[in-house]
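Below is one structure, written out as structure tokens; comments come after it.
Here is how names work: the chains are called A, B, and so on, in the same order as the sequence lines, proteins then strands, and each is numbered from 1. Because the structure is predicted, anything quoted here is derived from the model rather than measured.
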Protein chains: 2
Amino acid sequence: MAEAVNIKRLAQELNISIATVSKALNDSYEISQKTKNRVWNLAKELNYTPNPAASNLRSNKTKTVAVVIPCVANNFFSLSIKGIEEIARQYGYHVLIYQTHENIEAEIAFTNSLLNGRVDGILTSVSSSEYNSEYYTNLVKKIPLVFFDRVYENLDAVRVTTDDYEIAFQATEHLIECGCTRIAYLFGLENLPAGKARFAGYLDALKTHGIAFIEQLVVKYHDDEEFNLQQIKELLEKHKPDALFSSIEEFIIPAYRACRELSLQIPNDVKVLSFSNLSTAALLNPSLTTISQPAFEIGREAAKCLFKILNNKQLDDEQNIILKSVLSKRESTGC
Amino acid sequence: MAEAVNIKRLAQELNISIATVSKALNDSYEISQKTKNRVWNLAKELNYTPNPAASNLRSNKTKTVAVVIPCVANNFFSLSIKGIEEIARQYGYHVLIYQTHENIEAEIAFTNSLLNGRVDGILTSVSSSEYNSEYYTNLVKKIPLVFFDRVYENLDAVRVTTDDYEIAFQATEHLIECGCTRIAYLFGLENLPAGKARFAGYLDALKTHGIAFIEQLVVKYHDDEEFNLQQIKELLEKHKPDALFSSIEEFIIPAYRACRELSLQIPNDVKVLSFSNLSTAALLNPSLTTISQPAFEIGREAAKCLFKILNNKQLDDEQNIILKSVLSKRESTGC
DNA sequence: CCGGTAGGCGAAAACGTTTACGTAATTAAA
DNA sequence: TTTAATTACGTAAACGTTTTCGCCTACCGG
């Protein structure tokens, strides 16, 4: 559109070589302060900005990272992205977004398309459909990668996670303290470490308090709102749980609907507790007891790790950063 | 990391020129089917993917668009991004994300940094802090740009918006039909066409029904949760409105809190209605009457427009696409 | 007066594509 | 049979940087 203003143009106007201009722009020690000032002034005057493609091609750096996640329209992930983006700004990086929709093939396809130098590194929260450890084992050898929340374990890559086991244990104990003994478990992310840890926390809390685990009280998540609703209604009718412990946010709406449609009072007839990052949890009817993950902080931490790696800084701590979730007790567990 | 596989390598292995390989990969008519097949097979076998930087540099196209929005952690914007990303996948484009945090200087800085060929086009929902028409007047001459939801008018650029005036009129009428006469207006986006249209719809509905506009019943949004809460409490105490009509989602939590803290019953003492894309509106206590915008569709439409422009397809319709919002009547307006 | 050593700068190659243009061989038209 | 057109491919330049290497000047110690 506009007449190109590039390094060559600057060189001509100043009667110096393009090499000198380039070095001056990059504040090289080889160039005198006087020349640098001349270059910087003219660059500002002509509104020069370097061409990213040329720079990327030559230097093999893009100052860009990719975020690969299941879906951006989710409180947890949108908060994570917010955190990532803020840190990226500080480090001068650009952020590409890819949604997998929980489809591992899409996930692999996108990720592969990033390996030709499009990005310097990847931040990912993997899809729940499958646990394909082999793919990621190879991937982490090819490009700097940081997992957040939904991770692969035992790989040579940084992971940023939360205290899923502990907080699930604690939440289950809370329900037990409220007098519940038939605590149903709404099971999500069952293929992933996070999902397994949450379930383990639930099981261990039961065991610790001498409550038998009842398999019929477990409902697994399906990507079908109506189906989940029916499952929960069936659960409530057939097995009369006195609490619903949901391991993912997606169960909240069907759980509330199911109780409403069956005329069950929360928390009198059945108590409800869920992992959730909904900002409106306190305004629900009744207000919902939640386990909220520090999504924003997770994004920030993951991004910080990646940029440290990209800048060849040592990661002082170990490879697994664990942030604390928060249990907020509200009316839905009523005690 | 891995040994580079580029078109030069393919050319050597097949004993043909790199020009032929390049053309074959791009399915050029100049190349015989036989040669194309040989190239394609070897490319697949060696896992060749073109280097984006080189391609961008030479062709001056990036197959990348930027999304510039106030904040990704917002139901409306995260849904929009979801829509944009899905369409981008279909067209084979990549999506960069930039958050302005409602800061027009950041907005301009980011946008300027995209003009050196980093992206082929921009999708933006502008910040509410200021209406800087001059900047965008120049910008749209330099790069294909589509506005969505928060737009600048009278520019040579496509806009995707909603029926803000009509739906606000309709919502105000709904409150009037419920018997309200002192309808307070919680005013957001006042610098932007969307905000002005909503307010105009409110005013005109009042006038149509012979209700005088009371200036004291207007509260303007500030980026300070506590301040907004205090303002609403003051409003409720001093001016006794019988309804709160909020033009933005951000007022919901303080509005509910204010009513709770002042022991005002919704909807008996005061009715509440808000623009909102909260998925949990129906689960609130009481359930919230909302105007929801088709955020996902807005993102999709905006992206489609941009990609049509980038592919030099004619935009059949005019430059302003208007999608319909939905008024969902619930308990908070109780009638 | 000579050798060495910085400091400051330029020439040119390289990164991996795309593409304008040229050319040879084959086919179609005259 | 000659000419024109078409098909299929190659040569080489170009995109805008970064970076290696080398050159020149000035200066300093001996």
Short side-chain to backbone donor-acceptor contact, Ser22(A) and Ile18(A), under 3.5 Å: no
Angle separating the five-pair end axes of the helix from dC1(C)-dG30(D) to dA30(C)-dT1(D), nearest 10°, is 40°
Would you say Thr124(A)'s side chain and Val68(A)'s backbone share a donor-acceptor pair under 3.5 angstrom? yes
Atom-to-atom span, CG of Leu25(B) to P of dC9(D) - whole angstrom: 14 Å
Can a salt bridge be assigned to the pair Glu13(B) and Arg38(B) using a cut-off of 4.0 Å between side-chain N and carboxylate O? no
Tell me if a side-chain donor or acceptor on Glu85(A) pairs with a main-chain N or O of Gln99(B) at a distance below 3.5 Å. yes
In plain terms, say whether Glu301(A) and Arg159(A) are close enough for a salt bridge, that is, a side-chain N and a carboxylate O under 4.0 Å apart. no
Tell me whether the rings of Phe77(A) and Phe148(A) are parallel (<30°), tilted (30 to 60°) or perpendicular (>60°). perpendicular
Could you tell me how far apart Leu14(A) (CG) and dC9(C) (C1') are, to the nearest whole angstrom? 14 Å
Residue pair Lys23(A)/Thr20(B) against DNA chain D: nearer the 5' end by closest nucleotide is Thr20(B)
Run the numbers on Val126(A) and Glu107(A) for side chain to side chain contact (heavy atoms under 4.5 Å, CB included), then give the verdict. CA-CA 8 Å; Val126(A) 305; Glu107(A) 185 174 311; 3.5 Å; yes
Report all interatomic pairs (protein N or O, nucleotide N or O of nucleotides 13-17 of chain D) with separations under 3.5 Å.
from    : atom 1 : to       : atom 2 : distance (Å)
dA14(D) : N3     : Arg58(B) : NH1    : 3.1
dC15(D) : O2     : Arg58(B) : N      : 3.4
dG16(D) : N2     : Ala54(A) : O      : 3.4
dT17(D) : OP1    : Tyr48(A) : OH     : 2.9
dT17(D) : OP1    : Asn51(A) : N      : 3.4
dT17(D) : OP2    : Ile7(A)  : N      : 2.9
dT17(D) : O5'    : Tyr48(A) : OH     : 3.2

Can we say Asp120(A) and Lys63(A) salt-bridge, meaning some charged N sits less than 4.0 Å from an Asp/Glu carboxylate O? no
Dump the intermediate steps for side chain to side chain contact (heavy atoms under 4.5 Å, CB included) on Thr64(B) and Leu96(B), then the final yes or no. CA-CA 7 Å; Thr64(B) 304; Leu96(B) 283 166; 3.8 Å; yes
Tyr135(B)/Tyr152(B) under ring pair (Phe, Tyr, Trp, His ring centres under 6.0 Å): CA gap, chis, key distance, verdict: CA-CA 10 Å; Tyr135(B) 176 73; Tyr152(B) 279 89; 8.8 Å; no
Taking only nitrogen or oxygen atoms into account, show me every contact under 3.5 Å that the protein makes with nucleotides 4-8 of chain D, one pair per line with its distance.
none

Find the distance Asp27(A):CG to dT19(D):P and express it as a whole number of Å. 14 Å
